[in-house]
Structures are given as structure tokens and as C-alpha cells.
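Hydrogens, waters and symmetry mates are skipped; everything else that's a heavy atom, side chains included, is used. So you know, we letter chains A, B, ... as the sequences are listed, proteins then strands, and number each from 1.
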Amino acid sequence: MASIMLKDVVKSYGKVRAVHGINLEIGHNEFVVLVGPSGCGKSTTLRMIAGLEDISGGEVLIGDRIVNDLPPRKRNISMVFQNYALYPHMSVRDNLGFGLKIAGQKPKVIAERVAEAADILGLSELLDRTPAELSGGQRQRVAMGRAIVRHPDAFLFDEPLSNLDAKLRGQMRAEIKKLHQTVRTTIVYVTHDQIEAMTLADRIVVMRGGHIEQVGTPMQVFNHPVNTFVAGFIGSPPMNQLPGHIEAGQVVLADQSRVPVPPRLAGKVREGQKVILGIRPDDISPQGHGLGMPEDAAQVATLDLRIALAEPLGMESLIYTTIAGQEVQAKLYGPRIVQPGEVLTFQVALARAHLFDAETTRSLEVL
Amino acid sequence: MTPFLLLLPAILTMLFVVALPLIFSFYTSMTSYRLTRPETIEDFIWFRNYIRLFENPDFWRAFLRTIVFLAIALNAELLLGLGIALLINKITWGQRTLRTIMMFPMMFSPILVGFQFKFIFNDNIGILNNALQSLGLTTQAIPWLVDAKLAMFSIIFAEVWMSTSVFAILLLAGLFAMPRDPIEAAKVDGCNSWQVFRHITLPFLMPFVFIAMTIRSLDVARAYDIVAIMTGGGPAGRTELLWTMIARVGYDNARMGQANAMAYLSTILSIAFTYYFYTKLVAARRYMGGAE
Ligand SMILES: Nc1ncnc2c1ncn2[C@@H]1O[C@H](COP(=O)(O)OP(=O)(O)OP(=O)(O)O)[C@@H](O)[C@H]1O
Ligand SMILES: [Mg+2]
């Protein structure tokens, strides 16, 4: 059990900078998820914590030790790799027990801990197979078992589920969550899948281009994105972003149509300011088919929109329409089937709408 | 019928190139065939050639010497080749050039290598003795190719010089093909560099070791050239290996029947080595299938 702290951590590959001085504090037993698009430096950051990459600048602390110059074996961490990285020439049993054997544990202790881990992960039947004889999901579980038998100070996961099919991924996600609740250890988890980030994390760290964009609980990041990037990255389908400018307490969109400024942001806008109006698909719904629309009429805007396409998903439908000449996604809750071309009255939940400054892309909420 | 027809050319080729010579030589190994008296090829004497060999202490000495020679040469080549491969794998600059340079020894004809070392090790005019004496490390000429032990050493040295690169190149290929993940996993699992090598890298390289061993145990018979040139099996049979003995008995003494019997035994020896390494290779490859 240990906290992890990154202080101004920089990683350069020659002249190329992959990580630009990031600061992050991860508490005891906290589950932190690093999320971001491909190439944003998530793996690099994780590998610096693990000791698999040199740290070009700044400090990494595990517990209260600065570990910059410690090799991986002295950091007492476990890592689960995207490609499992099992030892192909060893049985599942030996794969699980390898770390303990290297640490010089007694065979009896090793056998006990391996049995315990195999039990948690449902691997007991497979102990005598080699990795070549396992399915992808089973290999993934062995990789996780190998990480937990050592009772490390922290677990590091680098996209552990990305090679699995959707169903298995869902199952393993739940297992990882359960695992964290049983073993109670600090976890740093890298993914580019925002659903994994939302469901697993105590706190999410959104990264882009080697910088941290936002750190917060899943709900904070979802409800209060600090900029348009985070707004677009977290949430599925992504938030609709409509450019416009402020005029007399209203947002004037590209086609001169007007939407009132959300009341909670009224004091934060300047006349004439160029802004981006952000609305999640869940907050645009045909009248009577919304979910949690505010009661207060001042918090709701009404628009007539023509439906371009509807994708029924069972009890809800994803609707494609246009606002101010831009394609927008909306949600319809309930079993109603709509046809392309229909014009419906939509409600927009202004209470949950966002405004971003068009130049800085930053949310007006935080200013 | 068609499959058979299509295979016919291959079958015929095998028949003429492999099977017939094999049967013919096996037959002659059971005759008292002498090159100087062709009619003796019809003198069938069953296994008397073999029995005579088993009773001949010179043959057994050569046989044992051959096994020792193989064991030392192959192991030395393996260790040196592994060392070279690991070193070259470490460096990032000039790797291509070094790889090419490493192959030079393989490019020479074994006969040239034999001559080269014959002159290096020559006790009167050899550069090795010359160098040792100039440096004042020794005052007398060391009889590299005359003393039984030293001569064996010199031959093994030449053989190792020529063939280490086979191991080095195959093992280097193995290192290049090695996935990085298990190594990193092992580091995180607590291994130091030696433990990573011992528990991860080496097992991964074993199939490549066995491939190299299989190839080498197939072509060690080439060492005939080196031995023949450097010492000719002499002096007084002190570096006699099976192959020089076969050549001497068969061509110098013209006793082809006897020589063929020996050649058969040496072939069986070679097959035994090859078979052993091949089974090891197959076993090692089975689990490596799941490397990813
Ligand atoms: N060995 C290297 N040499 C040079 N540049 C590298 C090296 N490794 C990574 N990079 C660069 O560093 C940046 C961050 O890479 P990193 O692997 O951390 O991305 P990531 O966020 O994990 O992406 P992904 O989701 O695709 O795994 C990338 O732009 C990448 O090109
Ligand atoms: Mg990555």
C-alpha cells in the first residue's frame, strides 16, 4: 500500500517530448485511470512509474521514496501488460509463482499464494497448462494473477482489456473492480476507452499531447469538463459543440438562431464574446421523451428540429438532426419510433449545458 | 495414380542420389573391396569389417577423440556465439557492419582456414610462436601441431574460429525476434539482469540453440578439411578423427570396404547427434508457439 506522486515529470525521446512536466498525486488504495487519445503519453507515464523508462526530468515518488534511480525490481509494483506478457515456457502455476520464487519465498508460501490468486481469478483448473493453451481471456486473468500474488504496493495496468472482445471486456472490467475492492491496493490504470475510465476510476486523469487536461472523479469530469477537449472525449456519444457568440444574454448560433445563456453562467459571459455551446445528446430530447428535464422553464430551451436519422437502441433511440447547420446528436427515451423527415419539438436542458470560450476552449464555468 | 506420377521425379532423384549410393556403400562395407583390386567387390564377408573395427583400439581411440572433439567444439562455439550475439544485440551503433564482419569466417573455404592456422601454429615459422617469443613470454618454440594435446587444441581452435559465427548469427536472430514484454514483466517481477537472462532470455533462445546445434552436428564432418590440412591426423595418429581415418584407410590404403564400414558408423554417430537436438528443438518449439 502506498501513494504515488509525480512532480513535474518530463519524458523526452531525443528531441521529441512525450510527457511535458506532469504533476499528479495518487492516494493510498486509490484507483486512478489515465485516459486520452492514442499517443498522448499514457503508457510512457505508466512505464516511468514502473521504472521501465528513464525519467528525463522531475521526480516520481512511491510511498515516501524517490524512485527515479531505482530499477523496477526495487519498486515493489506489479504491472499488467496489454499483450499479457506471460512467460511462454512456464506453466500457469510457474507464471503466477515466478515473482515469489525470484524473491526467494519458500515453496510452501508460493503454493499457498498461487492457490489463493488462482481461486480469486478462477484459474485453479488451468494451473498446469502453458500460456499457448489458454484463451485470450484466460491469459488476461493469468497476467492479473501474476500481479496480485506478490502483494505489491501498487498495480499498474496498461490497456489490459484492449485485446478482448466486447463481452469479455465487460466481464473483466467488473472483475478488476471487484479485485480492487478485495485486495485494496493503489491502482494506476491506462486506457483510451472512456467507458472503462468512467466505470473503474475513483479519479480520472484526462491527458492530451503529454499534458494533463483534467483530474477529477468520473462525475466531476463528466459534469464539469474544463475544456472542449475533455467535453468531447468523456461521454458517449460525445458532447455536441456549437459555435456562436453572446448577444443580450443569449447565445447566437451560426444561423442567427438563439438559445438563452444557461442561468448559472449568466454572470460569466461578456457581450460579444465568441463561445462554444456544449450540450450532451442526453440533454436534447423531443418533448415528453426526455430524461430528467428540469422542472423550471427558465432552465429549458425549446427548438423545432427535423430528424435526419434515428437509431433505435431498444428503450431509447439515438437521433441525428441539425442545429444551426451543424449535425447534432440527441436522445429519445421511450419506445416511440420516429421517421426521418419528421419535425419534432425538442427540449434542451440548459441547466446542464456548457459554455466554452471559443479562443481558449476553456469552460466559462471555472473562470 | 496422378499423385504418384507427380511425385515420380522427386522419388527418382532421391532414389539415385540418396538411396542407391547408400545401399551400394552399405553393400561394400560388407565386402573386402580394395580399390586396387576391383574384383574384390564381389567378395562378400558379412560383418567382418565391422567386427574387425570393434576389435581395433585405434578405431576406438579415433571414435572417442571425435566425440570429445565435437563436444568441446560445439560447446565452445555455443558459449562464444552466445556471448557475441548478446554483445552485438546490446550495441545500437554499427550493428550492421559488425554482423557482416562476423560472417567473414564462414565465407572462407575450410581448406584455406586449415592452411591459415597451419601457418599460424607452425612451430618454426608460425606467427604465434614468433609473437610469443618476441614478447618474451617464452624462449622455446612451442610444438603447437606436434604435441598431442596442443595439436588437438589447435584444431579445435581453428574449427571454433570458423564456425562460431553460425551460432552467433542464429542466436542474434533469436534475440531480434525476442518479444520485449516478457522481459519487462520479469524486471517488474523482481529479476535483476542475470535472472532475466537465466529465466527468460535463455529459455527463449533454446530453440535457436537447438537449430544451430542441429545444423552444426550435420556439417561437422566438414572438419575433415581442417584436420587433414593442419595435421593430417598425425603426428603418429595423435589427432586422428574418424573422418581422417576413413580417408586414410579408404584412399591411401585403398581398403574401401573397411573405410565404408567406418563411414557408416560415423554417419550413425552424426544422425544420433542430429536426432537428439532435433527432438529437443521440437519440444522447445511447442510452447514457444504461445510467445505472444
Ligand atoms: N521509444 C520511443 N521513441 C520515440 N518516441 C516515442 C517512443 N515511445 C513513445 N514515443 C512517443 O511518445 C508519445 C507517447 O507515447 P505513449 O506510448 O505513451 O502513448 P499512449 O498514450 O500510450 O498511446 P496508446 O493509446 O496508443 O498506447 C507518442 O507520441 C510516441 O510517438
Ligand atoms: Mg499505450
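For the set A:Gly51, A:Pro72, A:Ala143, A:Pro71, the entry with the most heavy-atom pairs within less than 4.5 Å of chain B is A:Pro72. Counting heavy-atom pairs under 4.5 Å between each of A:Lys74, A:Met79, A:Arg47 and chain B puts A:Arg47 at the top.
Contact annotation for B:Glu184: both backbone and side-chain heavy atoms come within less than 4.5 Å of a heavy atom of chain A. Interface remark: A:Arg75 contributes no atoms to any contact with chain B (heavy atom separation under 4.5 Å).
Taking the centre of each ring, B:His199 and A:Phe98 come in below the 6.0 Å mark.
Counting heavy-atom neighbours within 6.0 Å of B:Phe197 CZ, excluding the residue itself, gives a total above 12. Heavy-atom contacts from other residues, nucleotides or ligands closer than 6.0 Å to CD of A:Glu112 number more than 12. Other residues, nucleotides and ligands contribute more than 12 heavy atoms inside 6.0 Å of the CG atom of B:Asn192. Annotation for A:Asp165: atom CG counts as buried by contact number, over 12 foreign heavy atoms lying within 6.0 Å. Heavy atoms of other residues, nucleotides or ligands lying less than 6.0 angstrom from CD of A:Gln181 number more than 12.
With B:Val188 as the partner, the side chain to side chain contact (heavy atoms under 4.5 Å, CB included) test is satisfied by one option alone out of A:Ile77, A:Val80, A:Leu156: A:Ile77.
The two atoms that bring A:Arg150 and B:Asp189 nearest to each other are NH1-OD1, 3.2 Å, heavy atoms only. Between A:Ala85 and B:Asp181 the shortest heavy-atom distance is CB-CB, 3.4 Å. Taking all atoms of both residues into account, the shortest heavy-atom contact from A:Arg146 to B:Ala185 is NH2-CB, 3.5 Å. B:Pro182 and A:Leu86 get closest at one heavy-atom pair: CG-O, 3.8 Å. Between B:Ile200 and A:Met90, the closest heavy-atom pair is CD1-CE, 4.2 Å.
To the nearest 0.5 angstrom, A:Asn83 atom CG is 10.0 Å from B:Arg180 atom CZ. Distance check: B:Ser193 OG to A:Arg73 CZ gives 7.0 Å after rounding to the nearest 0.5 Å.
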